[in-house]
Number of protein chains: 2
Amino acid sequence: MDSRRPAPPPSSGAPEPPTPLPLAGKTAPERADAARNRRRILDAATRIVARHGVRELTVDLVAGEAGIGVGTIYRRFGDRAGLVFALLDEHERDFQREFMAGPPPLGPGAEPTARIRAFLHALADRGAAQFELVLAAEASAPGARYRSGPYAVHHMHLVTLLTQARPPGTDVRFLADALLAPLSALLMDHQRRVRGMGAQGVKAGLDDLLRWSLG
Amino acid sequence: MDSRRPAPPPSSGAPEPPTPLPLAGKTAPERADAARNRRRILDAATRIVARHGVRELTVDLVAGEAGIGVGTIYRRFGDRAGLVFALLDEHERDFQREFMAGPPPLGPGAEPTARIRAFLHALADRGAAQFELVLAAEASAPGARYRSGPYAVHHMHLVTLLTQARPPGTDVRFLADALLAPLSALLMDHQRRVRGMGAQGVKAGLDDLLRWSLG
DNA sequence: CTTGTAATCGGAGTGCGCTCCGGTTACTGT
DNA sequence: ACAGTAACCGGAGCGCACTCCGATTACAAG
């Protein structure tokens, strides 16, 4: 928790090129060997996940497969959670494009309430589709989800939409967190296993919640 | 994930005497030495938390302080999260008494909507008061919160109240999860640190959410 | 090309949660 | 009392995330 090296990844999420995060200031471009190693790490990790599943994705194994040291992985990705989030990053960027510039109702052009609903539904579907990876990412470190780049982006997007949909004076930042909270992979996993509830049930439940909340 | 010893704690939460959990079947009473060791462990853990804080609460340290082996701790409490939940158990039982048999609006006698509101507010206050411990408990293991005894009790209580407050056909089980989700210590920690929001803000936000949801 | 230097690399080392299993101890039936 | 047995105890050992720091290398200035 103190200053040390020049650029230790602030936390998990996306140190350099991924998830552009409007609030990320300029940083020196990546050195050639560093970029090469990032690719090696990502490729090795992808290979291991495809072959043995996310559970076997240990940092030492990735380092061995990539032919580098574990220190390099930590410099690039901060921690194990950061590595898994990086694996999800490609899909994440597609998703971000869809809700920021894609066709309605997910993209601009529809009513804010409709966009909110579409956004939450998309998040539920995505959570179901990439279940293993998302779950592993959120389970890697205690607060990984909230510290991740994608969460900040999703939260900001919801805040924007809610500001348009709700009367002024309401705490849209809390509301955004509250709407995102039921979509945690950890919770969806629990609902799936204990309550036998899938993505459909989650979406239906969210509709109930929104019907009351947003008319 | 397979059958092995006679009685390995089903998970974290409360293996034997704590949190009565209406659905817990009869189990053989605890042996004398086992009970004695549970007390020693709990006392040692309490002492360590008081002296060094929750962060220093390592299983090895507790074992050393209690003068027993680590295996005993794992037999009694399942995992580190179970131990921390056990530390919270005394307050938890008081809290359960209050909302099940205490005075309104938390206890029976008030309108379901009022009870729901009081219950969520109490949960927020409790999360703020016992913050360190609750946070440590939820952060100990990935899904610890949902697997814990207290969560099951809180969920069941909300389901009961929501069934009375909402028209039939709505998925009250999902709704209960969704209302509990924003009260996760992990999320409250994030809101506190990143958004500068305390228990007051959380309660106000919940009121917004409920005002729309429940009239 | 040479040199300076700051970012990068690598892997041995550390701490901690958790498991395993041989030895021990508390209850039950005779 | 006295076995028999089922539960319990303890601590060495394991796997894995993460750190530390001396050696190495990429890039820029002269």
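Per chain, numbering begins at 1; letters A, B, ... match sequence-line order. Values in this document were obtained by computation on a predicted structure and should not be read as measured data.
Atoms CG (B/L57) and P (C/dC18) sit 12 Å apart, rounded to a whole Å. What separates OH of B/Y74 from P of D/dC8 is a distance of 18 Å, to the nearest Å. Rounded to whole Å, the distance from CD1 on A/I41 to C1' on C/dC9 is 11 Å. Atom C1' of nucleotide D/dT19 and atom CZ of A/R80 are separated by 18 Å, given to the nearest angstrom. In this entry the distance linking CG of B/D79 with P of D/dG15 reads 20 Å, nearest Å. If you measure from atom CD of A/E56 to atom P of D/dA17, you get 11 Å, rounded to the nearest angstrom. As a whole-Å value, the separation of B/R39 CZ from D/dC8 C1' is 19 Å. Straight-line distance from the CZ atom of B/R75 to the P atom of C/dT19: 11 Å, rounded to whole Å.
To the nearest 0.5 Å, the span separating NE2 on B/H91 from CG on B/D94 amounts to 8.0 Å.
A/F119 has its ring centre less than 6.0 Å from the ring centre of A/H154.
For the OP1/OP2 pair of C/dT8 and a distance below 4.0 Å, the side-chain nitrogens and oxygens of A/T72 include no atom meeting the criterion.
Among the nucleotides C/dC18, D/dG10, D/dC18, the one closest to the side chain of B/N37 is D/dG10.
For the pair A/R126 and A/E98, the salt-bridge criterion is not met [side-chain N within less than 4.0 Å of a carboxylate O].
Atom CZ of B/R193 has 12 or fewer neighbouring heavy atoms from other residues, nucleotides or ligands inside a 6.0 Å radius.
At the heavy-atom level, A/V70 lies under 4.0 Å from base atoms of the strands shown.
Comparing A/D33 and B/D60 along DNA chain C, the residue whose closest nucleotide (by nearest heavy atom) sits nearer the 5' end is A/D33. Of the two residues contacting DNA chain D, namely A/R36 and A/A141, the nearest-nucleotide position lying further toward the 5' end is that of A/A141.
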